[in-house]
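By convention here, the first residue in the shown sequence is residue 1. Worth saying up front: this structure is predicted, and the values here are computed from it rather than measured. Computed from heavy atoms alone, side chains included, the values below leave out hydrogens, waters and symmetry copies.
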Amino acid sequence: MEIRLHVPTYEELLYREMLLADPQTMSYNRGYDIDSRNYDKSTGAIRFPRSEWKDWYEYFVGQKTERYYAYIECDGEFVGEVNLHKSKPERNVFDMGIVVEAKHRGKGIAKAALIKLLEVAFTEYGIDAVENEFEPTRHAALNLHKSAGFKVIETNGKIVKLMIDRSGYFSLYAIDR
């Protein structure tokens, strides 16, 4: 299994449209109050119409100091997406996201992609720390993050917040700085 991160071209946003519209893939969002007119609370799916592609693409792609977005590619096929976005500029801390298509889950793709995303964060972007937060009931996501080296830094019953910093990453993955 060969995993790589692929920054999509504008034309390749059709995959993102399909990914976000898939109720099985987006079921982790179901029932939450998400502030988006394109969100379907009953399925968790999010419409991503072509009319929004241009603004979204200009905001997310090619914005190295603020954001990173890529598809997860497994053996030549797109299977999900990852992103980084600056959340604490005063501390050079970025939030992250990862979504793997439902039909590709349970194959080790998410962990391999998350480690590749961390490599981008710490070796290409020079980020100090990467954080993510989500509901503590999302056990697979919690286990994934912990297995990649994230530590729980906060929990309040509604949200668990995890972080990995530069030293934690380099001590785990022993990559030349």
Side-chain angles (χ1 to χ4, degrees), residues 1-64 66-87 94-121 125 127 130-145 147-148 150 158-162:
M1 172 174 70
E2 181 186 348
I3 301 292
R4 62 182 216 98
L5 300 182
H6 170 81
V7 176
T9 64
Y10 182 83
E11 294 76 23
E12 290 171 326
L13 290 182
L14 187 60
Y15 174 75
R16 184 167 201 275
E17 180 181 34
M18 181 278 310
L19 181 72
L20 296 178
D22 179 28
Q24 279 189 297
T25 296
M26 301 305 291
S27 64
Y28 68 90
N29 273 338
R30 187 179 312 137
Y32 291 101
D33 291 324
I34 296 176
D35 185 24
S36 170
R37 62 181 160 72
N38 294 331
Y39 168 66
D40 182 337
K41 190 173 183 175
S42 67
T43 65
I46 301 169
R47 285 184 320 102
F48 183 53
R50 279 187 190 267
S51 61
E52 296 180 7
W53 287 14
K54 183 180 183 289
D55 289 342
W56 183 91
Y57 194 80
E58 289 174 355
Y59 180 80
F60 263 99
V61 178
Q63 303 297 323
K64 187 170 183 176
E66 302 294 320
R67 290 170 284 287
Y68 173 80
Y69 177 84
Y71 289 158
I72 302 166
E73 191 176 314
C74 180
D75 298 331
E77 176 185 0
F78 298 146
V79 297
E81 66 179 17
V82 294
N83 71 76
L84 294 165
H85 50 281
K86 191 174 268 189
S87 57
F94 281 56
D95 285 335
M96 53 101 13
I98 182 169
V99 177
V100 173
E101 277 185 73
K103 67 183 180 182
H104 294 290
R105 292 179 181 153
K107 301 176 184 177
I109 292 169
K111 183 174 180 181
L114 180 51
I115 292 168
K116 288 200 175 286
L117 180 64
L118 294 175
E119 181 179 349
V120 169
Y125 277 49
I127 293 171
V130 175
E131 296 180 344
N132 200 1
E133 63 181 48
F134 43 84
E135 302 77 21
T137 55
R138 293 180 49 204
H139 301 291
L142 184 58
N143 291 337
L144 165 67
H145 284 72
S147 74
F150 282 76
K158 291 182 179 182
I159 294 291
V160 60
K161 188 173 194 172
L162 299 105

*Run through Val99, Val120, Leu117, Val100 and flag the one making a side chain to side chain contact (heavy atoms under 4.5 Å, CB included) with Val82.*
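Of the listed residues Val99, Val120, Leu117, Val100, the side chain to side chain contact (heavy atoms under 4.5 Å, CB included) partner of Val82 is Leu117.
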
Are [X] and [Y] close enough that some pair of their side-chain heavy atoms sits under 4.5 Å apart?
X      : Y      : answer
Leu142 : Leu162 : yes
Leu144 : Phe150 : no
Gln24  : Lys103 : no
Leu14  : Trp53  : yes
Arg105 : Thr25  : yes
Met96  : Leu114 : yes

Return the [atom1] to [atom2] distance between [X] and [Y], rounded to the nearest 0.5 Å.
X     : Y     : atom1 : atom2 : value
Met26 : Ile46 : CE    : CD1   : 4.0 Å
Ile72 : Tyr15 : CD1   : OH    : 7.5 Å
Asn29 : Lys41 : CG    : NZ    : 12.0 Å
Leu84 : Asp95 : CG    : CG    : 9.5 Å

Nearest non-hydrogen partners of [X] and [Y], listed with the distance:
X      : Y      : value
Leu118 : Ala148 : CD1-O, 4.1 Å
Glu73  : Phe78  : OE1-CE2, 3.7 Å
Pro8   : Ala70  : CD-CA, 4.1 Å
Ile98  : Ala110 : CD1-O, 3.5 Å
Thr43  : Arg30  : O-NE, 3.8 Å
Glu52  : Arg37  : OE2-NH1, 3.0 Å

*asked:* Please check this pair: side chain of Arg67 against backbone of Asn83, looking for a donor-acceptor N/O pair closer than 3.5 Å.
replied: no

*For Glu77, does its backbone N or O pair with a side-chain atom of Tyr71 as donor and acceptor, under 3.5 Å?*
no

_More than 12 heavy atoms of other groups within 6.0 Å of Gln63 CD_ =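 Atom CD in Gln63 is packed in, count exceeds 12.
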
*Crowded around Lys107 NZ? As in, over 12 foreign heavy atoms under 6.0 Å?*
yes

*Fit a plane to each ring of His145 and Phe134, take the angle between them on a 0 to 90° scale, and name the class: parallel (under 30°), tilted (30 to 60°) or perpendicular (over 60°).*
tilted

*Look at the aromatic rings of Trp56 and Phe60 and report parallel, tilted or perpendicular, splitting at 30° and 60°.*
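Judged by the thresholds at 30° and 60°, the geometry between Trp56 and Phe60 is parallel.
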
*Under the criterion ring pair (Phe, Tyr, Trp, His ring centres under 6.0 Å), which of Phe48, Tyr10, Tyr69 is the partner of Tyr57?*
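Considering Phe48, Tyr10, Tyr69, a ring pair (Phe, Tyr, Trp, His ring centres under 6.0 Å) with Tyr57 is found only for Tyr10.
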
